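Predicted, not measured: the structure shown is a model, and the values here were computed from it.
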Amino acid sequence: MSSEFWRNNHTLEHLTPVGERFPEIGLAPSLRMACGNGTVVEFGCGDGRLAEFFDPTKYYGWDINPTAIDAARQGQ
């Protein structure tokens, strides 16, 4: 995908529609169980919507979308 795609779709509402913060319902408990108490590194973390399911001292999220990262840092 080109950088133009990300500039034009910075909110990514087509992936996670407004009002549907967790489209992957039921996934978080499975992820928590699979990760145990270890460190979690999420590439493509978006706005950090899954971060709250993990120990914040052991969670690291990266994304190429600066708008999403700003939202994640603000806890939105």
Reported CG-to-CZ distance for the pair Leu31 and Phe54, which is rounded to 0.5 angstrom
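So the CG of Leu31 and the CZ of Phe54 are separated by 4.5 Å.
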Residues sharing Tyr60's hydrophobic cluster, by side-chain heavy-atom contacts under 4.5 Å among ILVMFWY, directly or via others?
Val41, Phe43, Trp62
Over all atoms of both residues, closest heavy-atom pair of [X] and [Y]:
{"X": "Asn37", "Y": "Lys58", "result": "O-NZ, 2.8 Å"}
{"X": "Gly61", "Y": "Cys45", "result": "C-SG, 3.5 Å"}
{"X": "Gly46", "Y": "Asp63", "result": "N-OD2, 2.6 Å"}

Cluster check Ile64, Ile69: I/L/V/M/F/W/Y, side chain < 4.5 angstrom:
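Looking at the clustering, Ile69 is in a separate group from Ile64.
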